Amino acid sequence: MKIAMIGTGYVGLVSGVCFSDFGHEVVCVDLNPDKIAMLDAGQVPIYEPGLDDLMARNVGAERLSFTTDLAQAVAGADAVFIAVGTPTRRGDGHADLTYVYAAARDIAAALTGYTVVVTKSTVPVGTNAEVARIIRKAAPEADFDVASNPEFLREGAAIDDFMRPDRVIVGVETKRAADVMADVYRPLFLRDFPIVTTDLESAEMIKYAANAFLATKITFINEIAGLCEKVGADVKQVAKGIGLDGRIGNKFLHAGPGYGGSCFPKDTSALARIGQEHAMPMQIVEAVIKVNDEVKRRMIDKITDLCGGSVNGRTIAVLGATFKPNTDDMRDAPSLTIVPALIGGGARVRIVDPQGRREGEALLPGATWAEDPYSAAKGADAIVMLTEWNEFRALDLERLAGLMASARMADLRNVYAASDLQEAGFVAYTGVGRAGFGL
Ligand SMILES: NC(=O)c1ccc[n+]([C@@H]2O[C@H](COP(=O)([O-])OP(=O)(O)OC[C@H]3O[C@@H](n4cnc5c(N)ncnc54)[C@H](O)[C@@H]3O)[C@@H](O)[C@H]2O)c1
């Protein structure tokens, strides 16, 4: 198969590289010439474990190339994937479809033989139909179908998720398009990964429903965590106790500082708006958005309490800035709410993050960046564990306590046990949904 991938961000690049690894001939397109120049030079513009090696292998096999020339990539392709961003539109919380529709117009002008135009971006119901209308209007003679193929990969585990998916969703209107999509995903089909074929609208809805459900599950345990703190229960034990129930499952039950990232905030917001527009308010999702905002604010109160009621003049070491480990993605990370609040309250903030600094420096003005947790903690009044990178999971707690002016920790990911911190010489600790000490 010949595939054009429009957009080489976290989804487009991973998908393009993985499709080429399936044996397809893939051309990845991006508007951003700097990204394409980096890719042409063999550099990966994002941090995603394993992506550099897989990319090099497929470039070497001459199945994978990069260009800014969309027309050249689209001409002769069997399938053209749209994997551009769909961020929240300023002002109203809707998904901004500007990039998707612009890509559709560019694709229309470049179509040659029969082509399936596949939307991989997360888009509201009706977008694929609109993409078809745009192409038909711009190129009435074009021989094409549209397909909806939402992506479920997780940053940080993206290659494995793409290569070993729980399922692939393919929304189509014609058998011809279904056949092309079956060829595209044949390597997964042959290995018995479920390929679910639906209509366009259901495929579009599945993606929003999945993300809203996951955001709800996280928010549920975060709210339970707040109550655990009040009643003296430990949310880790509670999560384990409910997660062993097969109907509930143990994933997405880790209490923390509230969800962030490139998808949940914008997708819950878009779903809430879609519901309002159709006079079918998504009341649960609206509550989730509100509770998640409160959870994030509660974290600032926790850190303030840990510091004795004010962070003014305190030096705070923040471990982790990205929205989760194993990515450099800073979009809607909890750090973007918490760090400015601390700096606004008069704290000096030092951040350490294995991959977040390149993006984070501009996004978190006023903070300084340290190379490792120990230099960040030197002379500090508190440590805030914000992103549970592996390298923060087995710290020398005694050494940390010895370096700090006052050994206090807000562990917002519940990585450490209170007893271990106490033994190491910490004088105060607060976690999420469990008892602290020294407060
Ligand atoms: N990031 C994730 O983990 C994830 C997971 C599943 C689904 N999604 C969805 O996938 C879509 C893409 O997300 P992302 O995180 O990869 O976005 P991104 O912002 O990382 O990448 C988008 C890329 O598209 C390029 N682009 C925009 N318009 C273009 C055009 N007309 N022609 C060529 N290139 C163009 C941009 O320059 C950018 O490089 C979104 O709809 C998102 O919701 C993301």
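Each ligand, and each atom within it, is numbered from 1 in the order the structure gives. It should be emphasised that the depicted structure is a prediction, and the values quoted were computed from it without experimental measurement.
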To the nearest 0.1 Å, how far is atom 30 (C) of ligand 1 from its closest protein heavy atom, and which atom is that?
-> L31 CG, 3.4 Å
Would you say the side chains of D301 and T304 form a donor-acceptor pair under 3.5 Å?
-> no
Do side-chain atoms of T322 reach the backbone of K324 as a donor and acceptor pair under 3.5 angstrom?
-> yes
Taking only non-hydrogen atoms of V11 and a 4.0 Å limit, the atoms of ligand 1 in range are 2 (C), 4 (C), 5 (C), 6 (C), 7 (C), 8 (N), 10 (O), 16 (O), 44 (C)
Side chain to side chain, K207 and F152, heavy atoms closer than 4.5 Å | yes
Mind checking whether R154 contacts ligand 1 via backbone (N, CA, C, O), side chain (CB onward), both or neither, at a 4.0 Å heavy-atom cut-off?
-> neither
Of all the heavy-atom pairs spanning A394 and Y416, show the shortest one and how long it is.
-> N-OH, 3.4 Å
Provide the closest heavy-atom pair for C28 versus I36 in the form atom of the first, atom of the second, distance.
-> O-CD1, 4.2 Å
Would the F19 and F162 ring centres measure less than 6.0 Å apart?
-> yes
A83 and ligand 1 - part of the residue with a heavy-atom distance under 4.0 Å = backbone
Atoms of ligand 1 less than 4.0 Å from E155 heavy atoms?
-> 1 (N), 2 (C), 3 (O)
Can you find a side-chain donor-acceptor pair between Y10 and D328 that sits under 3.5 Å?
-> yes
Closest protein heavy atom (residue, atom, distance) for atom 22 (C) of ligand 1 | G85 N, 3.6 Å
Would you check whether D267 has a nitrogen or oxygen atom less than 3.5 angstrom from a nitrogen or oxygen atom of ligand 1?
-> no
Considering residues at least two apart in sequence or located in another chain, which fulfil the side chain to side chain contact (heavy atoms under 4.5 Å, CB included) criterion with A347?
-> V311, I316, L342, V349
For K35, is at least one N or O under 3.5 Å away from an N or O on ligand 1?
-> yes
Report the part of R331 in contact with ligand 1, treating N, CA, C, O as backbone and CB onward as side chain, heavy atoms under 4.0 Å; options are side chain, backbone, both, neither.
-> side chain
Can a non-hydrogen atom of K266 be found less than 4.0 Å from any atom of ligand 1?
-> yes
Could you say whether the N/O atoms of N32 and ligand 1 ever approach to under 3.5 Å?
-> no
For the residue pair E229 and K302, what are the closest heavy atoms and their distance?
-> OE2-NZ, 2.7 Å
At what distance is the nearest protein heavy atom to atom 25 (C) of ligand 1, and which residue and atom is it?
-> D30 OD2, 3.3 Å
Heteroatom distance test (E151, ligand 1): nitrogen or oxygen, under 3.5 angstrom = no
Please output the side-chain donor-acceptor pairs of residues 102-116 that fall under 3.5 Å, not counting sequence neighbours, one pair per line with the distance.
unit_1, atom_1, unit_2, atom_2, d
T112, OG1, G76, N, 2.7
Y114, OH, D145, OD2, 2.5
Y114, OH, A177, N, 3.3
T115, OG1, G113, O, 2.8

Considering heavy atoms of the protein only, find what lies nearest to atom 24 (O) of ligand 1 and give residue, atom and distance to 0.1 Å.
-> G7 CA, 3.4 Å
Give the residue, atom name and distance (to 0.1 Å) of the protein heavy atom nearest atom 41 (O) of ligand 1.
-> T86 OG1, 2.5 Å
Return the option from G9, A4, A102 holding the heavy atom at the smallest distance from atom 21 (O) of ligand 1.
-> G9
The option among T8, D106, D329, T122 carrying the non-hydrogen atom nearest to atom 9 (C) of ligand 1 is T122
Under 4.0 Å from any heavy atom of I6, which atoms of ligand 1 are there?
-> 32 (N), 33 (C)
Measure the shortest side-chain to side-chain distance between T127 and L97 over non-hydrogen atoms and say whether it is less than 4.5 angstrom.
-> yes
K217 atom NZ, neighbour heavy-atom count above 12 within 6.0 Å = yes
Heavy atom of the protein closest to atom 11 (C) of ligand 1 (residue, atom name, distance) = V84 O, 3.3 Å
